[in-house]
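Everything below concerns the one structure shown next.
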2 protein chains.
Amino acid sequence: MGRRGEHTKDELAAMALDAAVALLEEEGPERLTTRAVAGRIGYTVGSLYFVFRNREDLILQVNERTLDELREHIAAALAEVSEPRASLLAMGRAYLAFASAHPTRWRLIFEHTRAPGSDLPEPLVRKIEAFFLQVAESIAALNPRASPAEVRRSAQSLWGGVHGITVLALTGKLAIGGDAPAEVLTAELIGRYLDGMVDADRSHGRAPTSPLR
Amino acid sequence: MGRRGEHTKDELAAMALDAAVALLEEEGPERLTTRAVAGRIGYTVGSLYFVFRNREDLILQVNERTLDELREHIAAALAEVSEPRASLLAMGRAYLAFASAHPTRWRLIFEHTRAPGSDLPEPLVRKIEAFFLQVAESIAALNPRASPAEVRRSAQSLWGGVHGITVLALTGKLAIGGDAPAEVLTAELIGRYLDGMVDADRSHGRAPTSPLR
DNA sequence: TATATAAATAAACGACGTTCAAATAGGTCG
DNA sequence: CGACCTATTTGAACGTCGTTTATTTATATA
């Protein structure tokens, strides 16, 4: 009974992605099965393969969508501040808040392992870069004397740090003894990093403290 | 053909763990299958269930073993330094080096999702705590005026940060444009964090800069 | 030597990702 | 209006997975 044209290929893909997101949030990553996704939109498994190359392809597109939402979430948070230090703190809070609100989807972005040969699809790479560039912007404002390479390095190390606190908090591997909320920890990390950065800039006039030994 | 007593239950468990580690390093996490592990030690699947409750149990024990190795690796790095700042940098380097040398096993520790109800097994929690305590020790030495709660917070945020850089570097989600090696980034994060911490302590005589706003 | 028991296996179950021949429905052309 | 063509959709199959179970086997003991 192959009805036809009831939905275009694009509509079908969009429906499948919606279903995948719902499945992820309601039942967790291991329940994100091709059959479940297909069933949720009233099709059979085979039809999914008419639209996606395979499960990996589906996951990658879910991840792109999640990254889009994350970016919007962060943009909204950034709209309310202007000073660079406040911007970085706001980004950190927004990053953590989004991850906490959508833990399964957020983790899927970072934990999904692709086949050994293939690397990240181009659009995903671009979206990740966009984040770092936004961080770099505020860093540059706080550290005008730094070279572009230094700014990039700072953005990477600082945001990598925020990411780490977020992962560990989400997976319950950060709490020891009494547990400070993750928001406090990210704020502390950002605050101290920036203090260290601007102090180094002010006192030595230029370079950051030599980090190795 | 049930031969008997050829290996004790404990020997069998140890052999299975060895096989699992080898499988992980040689073929990746998705090939860590119960049948493959059993086959590698010359048994059939069912025998694995004589020794482990299920695949999750096996993975948890692999993770414990990996954490033990990681701790030894870090201890060796710490043996060569005494000053607290150098200790933290050495720990960061060792953490990253171990993760780079055993990416699959290392990621399995943090990416393995356990069933929604159950939480981390006690021994694993203790081993994670031990790390933070070691970090906290050096932090306390650098920041003698800080309360225990402050020290713990610092250890969590700083080490969370190191962890984040390590994850992103390992999964290729950190590199943007020219990519500074991850060792440089962790050293930079640690250096700046500590600079920010001790400067705050020196100038205000006590508390760190209020992190929020 | 016979027997009880621990150890190990083989076979099965349902669910999974993936593939593919077959069926079907809509558009097109006679 | 009817026959065909082709893009969709299905159903069924394949091999693999985690897990469970009845059954077999080898050893220790009596």
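Just so it is clear: chains get the letters A, B, ... in the order the sequence lines come, proteins before strands, and each one is counted from 1. Only a predicted model underlies this, so the values are computations on that prediction, with no experimental measurement involved.
Map B:Lys9 and B:Arg35 each onto its nearest nucleotide of DNA chain C; the residue landing nearer the 5' end is B:Lys9.
When only modelled atom types and interatomic distance are considered, A:His163 and A:Tyr95 share a side-chain donor-acceptor pair under 3.5 Å.
The stretch residues 47-56 of chain B comes close to DNA chain D through B:Tyr49, B:Asn54, B:Arg55, each having a heavy atom under 4.0 Å from the strand. Remark: B:Leu32, B:Thr33 in residues 22-33 of chain B come within less than 4.0 Å of DNA chain D through at least one heavy atom.
Atom-to-atom, CG of B:Asp10 to C1' of C:dA6 comes out at 15 Å; the value is rounded to the nearest Å. Here the P atom of nucleotide C:dG26 and the NE2 atom of A:His7 are 14 Å apart, to the nearest Å. Taking atom CG on A:Asp57 and atom P on C:dG17, their separation rounds to 14 Å, with Å as the unit.
Distances shorter than 4.0 Å separate none of the side-chain N or O atoms of B:Thr44 from OP1 or OP2 on C:dA10.
When heavy atoms are screened at a 4.0 angstrom cut-off, A:Leu12 is found touching the sugar-phosphate backbone but no base atom.
For the pair A:Arg107/A:Leu170, a side-chain contact is recorded, criterion being any heavy-atom separation below 4.5 Å from C-beta on. Contact check for A:Phe131 versus A:Leu70: side-chain heavy atoms found under the 4.5 Å cut-off. Side chains of B:Thr113 and A:Thr104 form no contact here, defined as non-hydrogen atoms less than 4.5 Å apart. A:Arg192 has its side chain within reach of B:Ser154: a pair of non-hydrogen atoms, C-beta onward, lies under 4.5 Å apart.
A:Ser87 contributes atom OG, which lies 11.5 Å from atom CD1 of A:Ile139 (distance to the nearest 0.5 angstrom).
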* **Derivation of the side chain to side chain donor-acceptor pair (under 3.5 Å) call for A:Glu188 and A:Tyr193** => CA-CA 8 Å; A:Glu188 170 147 333; A:Tyr193 187 97; over 6 Å; no
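In this view, A:Arg55 and A:Leu32, A:Thr34, A:Ile59 satisfy the side chain to side chain contact (heavy atoms under 4.5 Å, CB included) rule, not counting sequence neighbours. Remark: B:Tyr49 pairs with no residue by the ring pair (Phe, Tyr, Trp, His ring centres under 6.0 Å) rule, at least two apart or across chains.
For residues 30-40 of chain A, every residue pair satisfying the salt bridge (Lys or Arg N to Asp or Glu O under 4.0 Å) rule, not counting sequence neighbours, is listed here: A:Glu26-A:Arg40, A:Glu27-A:Arg31.
Judged by distance alone, with hydrogens and angles left aside, the side-chain atoms of B:Lys173 form a donor-acceptor pair with the main-chain N or O of A:Ile109 at under 3.5 Å.
Terminal axes of the helix from C:dT1-D:dA30 to C:dG30-D:dC1 (five pairs each, C1' rotation axis) are separated by 30°, to the nearest 10°.
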